[in-house]
Amino acid sequence: MLVGYFSAKEKGFGALMDAAAEALSARGARVVGRFTQRRGVSDGGVARMALPFSSRTLLRLGKVREVSEACVRTRADAAVFLPSLTERQRRALTDALGCPAVGLDEVLGGDEA
């Protein structure tokens, strides 16, 4: 499962998600779904646009539920996140999603997406 978190200022988020999916596919992974959480599109102030909705999960609770349900439904082996995750976020998301949550940079081992 591929999950992206982007500020509304990031206009090329679709291309970033496509590039991440291609990089994962090149490593032999099969992307079974994609989710995007954007900050500052419909609510939130300009000062908060670059900040995550939750410091624990990056995402809103509803989006966490959507991703979790999709991970279960597709039997995803992992949820790969753009951007990188802190250890705390990795633990919280792994618990919430029911599968390992990792950052794209971890999967690619320093390669760029």
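Values below: all heavy atoms of this structure, side chains included; hydrogens, waters and symmetry mates excluded.
For the residue pair Gly103 and Val80, the shortest heavy atom distance occurs at C-CG1, 4.3 Å. Across every non-hydrogen atom of Cys99 and Ala79, the tightest pair is SG-N, 3.8 Å. The minimum heavy-atom distance between Leu93 and Ala101, with the atom names listed, is CB-CB, 3.5 Å.
Contact check for Leu85 versus Val102: no side-chain heavy atoms found under the 4.5 Å cut-off. Side-chain contact between Leu104 and Phe81 is absent, with no heavy-atom pair separated by less than 4.5 Å.
Within the structure, the side chain to side chain donor-acceptor pair (under 3.5 Å) test picks out no pair touching residues 69-83 (sequence neighbours left out). Residue pairs meeting the salt bridge (Lys or Arg N to Asp or Glu O under 4.0 Å) criterion with at least one member in residues 90-99, sequence neighbours excluded: Glu87-Arg90, Glu87-Arg91, Arg90-Glu106. Residue pairs meeting the salt bridge (Lys or Arg N to Asp or Glu O under 4.0 Å) criterion with at least one partner in residues 15-24, sequence neighbours excluded, are Asp18-Arg34.
A chain of hydrophobic side-chain contacts below 4.5 Å, direct or via other Ile, Leu, Val, Met, Phe, Trp or Tyr residues, connects Val67 to Val32.
In this structure, the separation between CG on Leu59 and OG on Ser68 is 11.5 Å, given to the nearest 0.5 Å. Atom-to-atom distance recorded for Glu10:CD and Leu82:CG is 10.0 Å, nearest 0.5 angstrom.
Applying the side-chain hydrogen bond (donor to acceptor under 3.5 Å, both in side chains) rule to Ser84 yields the partners Asp105; only residues at least two apart in sequence or on another chain are considered. Remark: Phe35 engages no residue in a ring-ring contact (aromatic ring centres under 6.0 Å, His included) (not counting sequence neighbours). Annotation: side chain to side chain contact (heavy atoms under 4.5 Å, CB included) contacts of Thr36 (sequence neighbours excluded): Phe6, Phe13, Met17, Arg38.
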| query | Going through the distances and angles, do Arg60 and Val64 end up as a side-chain contact (heavy atoms from CB on, under 4.5 Å)? | reply | CA-CA 6 Å; Arg60 286 189 172 188; Val64 171; over 6 Å; no
| Would Leu108 and Arg27 satisfy side-chain contact (heavy atoms from CB on, under 4.5 Å), going step by step from the backbone distance to the final call? | CA-CA 8 Å; Leu108 299 180; Arg27 293 281 176 118; 4.1 Å; yes
| request: Could you go through the side-chain contact (heavy atoms from CB on, under 4.5 Å) check for Leu24 and Leu2 one step at a time? | output: CA-CA 9 Å; Leu24 290 169; Leu2 183 59; 4.0 Å; yes
| said: Checking Val31 against Met1 for the side-chain contact (heavy atoms from CB on, under 4.5 Å) test, could you report, in this order, the C-alpha distance in whole Å, the side-chain angles of both residues, the deciding distance, and whether it holds? | reply: CA-CA 6 Å; Val31 177; Met1 191 67 58; over 6 Å; no
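Side-chain atoms of Gln89 come within 3.5 Å of backbone atoms of Thr86 as a donor-acceptor pair (strictly under, hydrogens ignored).
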